[in-house]
Protein chains: 2
Amino acid sequence: MDLTPAVEKYVLHWGEMGTRWGTNRTVAQIQALLYLSPRPLRADEIVDLLSVARSNVSTSIRELQSYGLVKMTHMLGDRRDYFECLSDVWELFRVILEQRKQRELNPTLSMLRDVAVEVGDESETDPVTKERIQNMLQFVESTSDWYEKIQGVPTPTLQKLMKLGTGITKALPSKK
Amino acid sequence: MDLTPAVEKYVLHWGEMGTRWGTNRTVAQIQALLYLSPRPLRADEIVDLLSVARSNVSTSIRELQSYGLVKMTHMLGDRRDYFECLSDVWELFRVILEQRKQRELNPTLSMLRDVAVEVGDESETDPVTKERIQNMLQFVESTSDWYEKIQGVPTPTLQKLMKLGTGITKALPSKK
DNA sequence: CTCTTATTTCAGTCTTGACAGAAATTTAGG
DNA sequence: CCTAAATTTCTGTCAAGACTGAAATAAGAG
């Protein structure tokens with residue numbers, strides 16, 4: 001079995017993008033492959049399709065499982081592990097948002113809180129600097145809150161929100 | 001001149017985060033330093049404060065300028081270049097959003113459009129696969145549209161939107 | 001309990017990209 | 001023009017981490 005040209009293109013591109021945003025190429029390629037696959041795949045099938053080492057597939061799948069993106073299934077009378085990916089894009093979106101929050105926002109938030117306190121004791125620090133730190137802290141806090149709220153929004157509502165985009169703003173000013 | 005402990009902590013952390021999201025450590029450190037600095041800095045001052053090579057500062061500033069995050073200024077009677085960073089966090093936000101769109105969304109969008117066409121000619125591709133590609137394409141298109149709309153929203157409105165978060169959804173269902 | 005097959009862990013290799021330092025170029029003043 | 005200061009470009013080195021292949025472990029079947 002082999003990838004069709006279009007699917008191969010998708011998988012390769014996804015792999016490249018993966019490196020741009022936190023994971024490595026293989027992890028992203030496997031996710032793409034499983035997403036496009038109409039049925040769960042075994043590790044050894046992935047090895048063949050992507051031409052990567054068996055061990056690499058093993059660790060990559062582990063990573064995907066830890067994100068909640070991939071789950072294991074089994075076939076009757078076959079003890080090998082089969083893997084499948086979340087197939088709903090909006091579910092994917094939520095998982096990725098959560099990952100980003102954990103890896104990018106949370107550490108920064110805790111650093112900013114620390115620094116905001118520490119800088120209070122530094123008389124040699126310019127007031128402008130202190131203010132900038134405060135501003136950044138508040139911004140990251142808002143963003144973090146926003147991420148959390150979005151997690152809980154059901155898919156159809158999210159879709160509407162996105163479609164609307166800034167349309168909402170027209171309904172806003174009156175609310176102050 | 002030297003960094004205070006709090007400022008140093010901020011700059012170092014920011015540098016690490018920078019690697020997590022597309023640029024390198026030095027670029028992010030310089031951005032942090034300029035953001036916190038109450039006045040524009042010269043390249044050689046940055047060299048001293050961060051202990052990096054002059055050449056490194058030069059290329060990093062170029063990168064920041066290309067993003068529109070840093071601009072050059074001058075002092076009367078001093079021909080050396082001074083640099084300062086956007087200091088409004090919401091402006092920063094917009095610039096970063098734009099960068100992310102260009103580096104992550106746009107290439108993927110064009111790949112997906114290509115693939116969606118190409119896969120149409122592949123009779124050996126499973127219908128489920130074709131549907132998944134369509135779904136992803138639509139999702140990325142929505143996201144891309146949303147990014148663009150957000151770019152144009154004035155800061156106070158953005159702030160309100162974020163604060164509201166999902167509060168908006170309560171006003172939604174009736175609108176269908 | 002042993003053999004076979006599937007999976008994971010681990011150590012070494014290789015690739016990528018950041019960074020320093022030197023060389024080249026640009027720019028303003030004399 | 002020529003000189004000196006500032007800046008940029010370029011090349012080699014180094015470090016981080018992705019990936020492979022081998023060795024170790026686990027888990028069913030007979």
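Numbered from 1 within each chain, the chains take letters A, B, ... in sequence-line order.
- A nucleotide of DNA chain C counts as in contact with chain B when one of its atoms lies under 4.0 Å from a heavy atom; the first and last such, 5' to 3', are C:dA18 to C:dA28.
- At a cut-off of 3.5 Å, with distance as the only test, no side-chain donor of B:Q151 or B:Y147 sits close to an acceptor on the other residue.
- Of the candidates B:N56, B:I30, B:L69, B:I30 is the only one forming a side-chain contact (heavy atoms from CB on, under 4.5 Å) with B:I61.
- Scanning for side chain to side chain contact (heavy atoms under 4.5 Å, CB included) contacts around A:D145 gives an empty result, with sequence neighbours left out.
- With B:R80 contributing its side chain and B:A43 its backbone, the two residues share no donor-acceptor pair below 3.5 Å.
- Heavy atoms from other residues, nucleotides or ligands lying under 6.0 Å from CZ of A:R25 number 12 at most.
- For B:I133, the side chain to side chain contact (heavy atoms under 4.5 Å, CB included) partners at least two apart in sequence or on another chain are A:Y10, A:L36, B:V115, B:A116, B:V119, B:T129.
- Nearest-nucleotide mapping onto DNA chain C: of A:R25 and A:R80, the residue sitting toward the 5' end is A:R80.
- Residues B:V70 and B:Q65 meet the side-chain proximity criterion, which asks for heavy atoms closer than 4.5 Å.
- Residue-level contact check: A:T26 touches the backbone only, with heavy atoms under 4.0 Å from sugar-phosphate atoms and none from bases.
- Clustering of Ile, Leu, Val, Met, Phe, Trp and Tyr by side-chain heavy atoms under 4.5 Å joins A:M75 with A:Y82.
- Across all their heavy atoms, A:V52 and A:V47 have their closest contact at O-CG1, 3.3 Å.
- The backbone N or O of A:R54 lies less than 3.5 Å from no partner atom in the side chain of A:S58, so there is not a single donor-acceptor pair.
- On the nucleic acid side, DNA chain D contacts chain A at distances under 4.0 Å to non-hydrogen atoms, with the end points of that region at D:dA18 to D:dG28.
- For the segment residues 45-66 of chain A, residues with any heavy atom less than 4.0 angstrom from an atom of DNA chain D are, sorted by number, A:S51, A:V52, A:A53, A:S55, A:N56.
- Looking at heavy-atom distances under 4.0 Å, B:D81 makes contact with sugar-phosphate atoms alone, never a base.
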